[in-house]
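Just so you know, these numbers use all the heavy atoms, side chains as well, and skip hydrogens, waters and symmetry mates.
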Amino acid sequence: ATAGSKTLTASYTPPSANDLFLAGNATEPHQVLAPGTWVPIGPFGGDALQVAIHPSNPQIAFAASATALFRSSNGGATWSPAEGGIPQSRGLVSFLGQERSPARRFTQCGGQPSWLYVATAEGVGRGGVARSVDTGDSFTPTALDRPGDVASLSCSPINEQVVAVVIGSEVWRSSDAGLSWTQLSVPAGRPVQVAQLADRTVIGVELLSPGTTLVYSAPLSGTVASAEAPLPLAATRVRSLLAAPNSGQLYLQSDAQTVRSPIPGALNWTATVLPADSALAVAPNAAGQLLWSTPAGSSESADFGATGTP
């Protein structure tokens with residue numbers, strides 16, 4: 001990765017566990033072509049905030065910048081905006097002087113690979129979600145329009161109709177592909193991250209002072225979230241939640257450490273060797289195989305993060 005840049009997200013290329021896309025601020029997405037070799041592939045002209053690979057077609061990749069969502073259909077060789085049907089932003093102008101839709105966050109649906117949800121701006125200080133059912137060829141706005149920016153969104157791994165989002169300081173969930181939304185109640189903290197699992201919505205919060213209860217979950221049949229197991233180390237914020245259904249694990253990064261828990265049943269956290277500020281990617285077809293990156297370099301693990309090697 002570019003020296004000194006802070007990497008944000010990473011994604012393996014299925015079905016191979018040897019190729020990796022990496023995104024970070026102050027740089028473009030990068031793809032690893034050989035161990036330790038990174039090549040800039042664009043889209044050029046701004047920060048890359050999130051990157052992901054199509055779960056069954058490694059030639060299709062998505063990258064979100066501060067002002068647009070891009071798609072590549074040839075493994076990152078070329079990129080083009082994927083914004084058909086996304087409401088244009090108001091008051092946000094790209095570096096080319098063109099008004100663009102700020103799809104800063106997106107989530108793929110493991111149960112239906114052609115489905116994609118993206119975060120949108122519905123005007124100054126407001127956010128929403130749009131849905132694509134054709135791998136980003138076109139988008140349809142959903143019914144959500146709330147104050148604040150979308151901080152996190154996640155689609156169910158088995159049901160593309162179920163999607164959850166953190167917007168402003170609120171958590172909303174839809175069970176009908178965004179036609180209607182229900183707000184979830186979190187008893188403490190400010191929601192900042194969400195992971196939609198098959199049976200429940202997991203919510204990570206931010207606290208005013210360090211604590212260990214930063215994770216809550218709400219069942220699909222309910223709207224009130226209850227506390228999950230406390231984290232091993234006190235922290236003030238959940239930085240990311242990454243569900244890996246193929247390996248049955250949920251990875252959580254706080255500002256203090258990276259931990260994991262088996263997904264079935266109540267969450268039970270186990271510490272990993274991953275730095276808290278790393279960008280984490282989980283191999284799609286190799287249980288326990290991880291790769292993470294920091295400004296200092298990249299490492300990998302074959303045992304769910306219990307150990308790691310550069």
Side-chain angles (χ1 to χ4, degrees), residues 9 50 52 105-111 117 119 129 144 150-175 178 181-207 211-272 274 276 278-282 290 304-305:
T9 62
Q50 185 180 353
R105 301 281 185 266
F106 63 91
T107 182
Q108 297 173 292
C109 300
Y117 290 91
V129 174
L144 187 65
V150 174
S152 176
L153 73 164
S154 178
C155 183
S156 166
I158 63 171
N159 185 354
E160 67 278 3
Q161 302 282 325
V162 180
V163 60
V165 59
V166 174
I167 182 168
S169 58
E170 302 171 345
V171 183
W172 292 80
R173 183 175 63 203
S174 174
S175 299
W181 294 83
T182 300
Q183 186 174 4
L184 305 183
S185 175
V186 182
R190 183 175 73 90
V192 289
Q193 294 292 328
V194 65
Q196 182 59 54
L197 305 183
D199 61 343
R200 62 196 188 276
T201 305
V202 178
I203 303 159
V205 304
E206 181 179 44
L207 303 176
T212 56
T213 304
L214 287 86
V215 185
Y216 298 82
S217 66
L220 294 181
S221 59
T223 60
V224 178
S226 57
E228 290 280 2
L231 300 179
L233 296 180
T236 59
R237 180 184 177 90
V238 173
R239 293 182 55 251
S240 71
L241 287 168
L242 176 60
N246 288 347
S247 60
Q249 300 289 315
L250 177 67
Y251 293 88
L252 179 149
Q253 292 178 294
S254 72
D255 53 5
Q257 66 177 152
T258 300
V259 296
R260 66 175 177 89
S261 170
I263 289 177
L267 299 180
N268 183 22
W269 305 110
T270 299
T272 72
L274 281 69
S278 60
L280 170 63
V282 179
L290 313 174
F304 300 96

Hey, what do you get for CG (Leu252) to CG (Leu274), rounding to the nearest 0.5 Å? 12.0 Å
How long is the gap from CG on Leu267 to CG on Leu197, to the nearest 0.5 Å? 7.5 Å
Counting only pairs under 3.5 Å, give me each side-chain donor-acceptor contact of residues 185-194, with atom names and distances, residues two or more places apart or in other chains.
unit_1, atom_1, unit_2, atom_2, d
Arg190, NE, Glu206, OE1, 3.2
Arg190, NH2, Glu206, OE1, 2.7
Gln193, OE1, Ser152, OG, 3.4
Gln193, NE2, Arg239, O, 3.1

Not counting sequence neighbours, which residues clear side chain to side chain contact (heavy atoms under 4.5 Å, CB included) with Thr223? List them please. Thr182, Leu184
Taking all atoms of both residues into account, what is the closest heavy-atom pair of Arg200 and Gly265, and its distance? NH2-O, 2.8 Å
How far does OG1 of Thr212 sit from CG of Leu233, to the nearest 0.5 angstrom? 10.0 Å
Report, one line per pair, each donor and acceptor closer than 3.5 Å where one atom sits in a side chain of residues 155-163; sequence neighbours left out.
unit_1, atom_1, unit_2, atom_2, d
Ser156, OG, Ile158, N, 3.2
Ser156, OG, Asn159, N, 3.2
Asn159, OD1, Gln161, N, 3.0
Gln161, OE1, Ala177, N, 3.4

Residue pair Arg173 / Pro219: nearest heavy atoms and the distance that separates them: NH2-O, 3.1 Å
Look up atom CH2 in Trp269 and atom CD in Gln257, then write down how far apart they are to the nearest 0.5 Å. 10.0 Å
What residues form a side chain to side chain contact (heavy atoms under 4.5 Å, CB included) with Ala244, not counting sequence neighbours? Ser247, Tyr251, Val282
Looking at every non-hydrogen atom in both residues, tell me the closest pair between Ile203 and Leu241 and how far apart they are. C-CD1, 4.2 Å
Please assess Val165 against Trp181 for the test side-chain contact (heavy atoms from CB on, under 4.5 Å), listing each intermediate value before the final yes or no. CA-CA 10 Å; Val165 59; Trp181 294 83; 3.7 Å; yes
Residues that Ser226 engages under side chain to side chain contact (heavy atoms under 4.5 Å, CB included), provided they are two or more places apart: none
Spell out, as yes or no, whether a donor-acceptor pair under 3.5 Å connects the side chain of Ser217 to the backbone of Val202. no
Does a side-chain heavy-atom distance below 4.5 Å link Val129 with Trp172? no
Considering non-hydrogen atoms only, spot the tightest contact between Ala225 and Ala218 and give its length. CA-CB, 4.0 Å
Could you list the residues that satisfy side chain to side chain contact (heavy atoms under 4.5 Å, CB included) with Asp255, not counting sequence neighbours? Ala235, Thr236, Arg237
Heavy atoms only: give me the nearest Thr201-Ala164 pair and the separation to one decimal. CG2-CB, 3.8 Å
Output the distance between atom OG (Ser254) and atom CG (Leu231), rounded to the nearest 0.5 Å. 6.0 Å
What is the minimum heavy-atom distance between Ala198 and Leu220, and which atoms define it? O-CD1, 3.3 Å
Rounded at 0.5 Å granularity, tell me how far CG in Leu242 sits from CZ in Arg260. 13.5 Å
Below 4.5 Å, heavy atoms only, C-beta onward: do Ser240 and Leu280 meet side chain to side chain? no
